[in-house]
Amino acid sequence: MKHTYWRGEKLVQNSLKADVVYDAGPTGCGELIMNLFMKMNKMNKNQVIEVKSYDLGAREDIPAWCRLQGHTLLKRVDQGKESVYYIRNNT
């Protein structure tokens, strides 16, 4: 997914390639984290998952879960009520 944004006067493009996409929709904390855990268990080390979520609690839950599990949160992009997370599997 390619994102374009402004940094000062300069237009910057940043692209991250996801190996897996998980659209969690409005799924809440417990179910979202459990589904994310199961999807990442099927992934290879260093693969990237793109997670889309409308749950505002995920903005706190996903970074904390990544720290606890040893995964790297590469980027979070907020698009109105939706947040998109890019997470690298480190296991």
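Heavy atoms only: backbone and side chains are in, while hydrogens, waters and symmetry mates are out.
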Inset, instruction - Report the residues that fulfil side-chain contact (heavy atoms from CB on, under 4.5 Å) with Leu73, sequence neighbours left out, ordered by chain and then residue number. - result: Pro63, Cys66, Tyr85, Ile87
Legend entry - Transitive ILVMFWY side-chain link Leu32 to Met43, under 4.5 Å: yes
Legend entry - From Asp55 atom CG to Ser83 atom OG, the distance as rounded to the nearest 0.5 Å: 9.0 Å
Legend entry - Audit row: Leu36, Val51, side-chain contact (heavy atoms from CB on, under 4.5 Å) steps and yes/no: CA-CA 8 Å; Leu36 179 56; Val51 180; 3.7 Å; yes
Inset, instruction - Identify the two heavy atoms, one from Gly80 and one from Arg59, that lie closest to each other, and give their separation to 0.1 Å. - result: O-NH2, 3.2 Å
Inset, instruction - Just grab all the salt bridge (Lys or Arg N to Asp or Glu O under 4.0 Å) pairs involving residues 35-46, residues at least two apart or on different chains. - result: none
Legend entry - Partners passing salt bridge (charged side-chain N to carboxylate O under 4.0 Å, His left out) against Arg76 (at least two apart in sequence or in another chain): Asp78
Legend entry - same_hphob_cluster(Val48, Val21) at 4.5 Å side-chain heavy-atom cutoff: no
Inset, instruction - Could you point out which residue of Leu74, Asn89, Val20 forms a side chain to side chain contact (heavy atoms under 4.5 Å, CB included) with Ile49? - result: Val20
Legend entry - Min side-chain heavy-atom separation Thr91-Gln69 under 4.5 Å: no
Inset, instruction - Apply side-chain hydrogen bond (donor to acceptor under 3.5 Å, both in side chains) to Thr72 and list each qualifying residue two or more places apart in sequence or on a separate chain. - result: Arg88, Asn90
Legend entry - Sequence neighbours excluded - side-chain hydrogen bond (donor to acceptor under 3.5 Å, both in side chains) pairs with any residue from residues 22-35: Tyr22-Asn35
Legend entry - Point-to-point distance, once rounded to the nearest 0.5 Å, from CE of Met34 to SG of Cys29: 10.5 Å
Inset, instruction - Taking side-chain contact (heavy atoms from CB on, under 4.5 Å) as the test, write out the residues that go with Asn44, two or more places apart. - result: Gln47
Legend entry - Residue pairs fulfilling ring pair (Phe, Tyr, Trp, His ring centres under 6.0 Å) with at least one residue in residues 38-80, sequence neighbours excluded: Trp65-His71
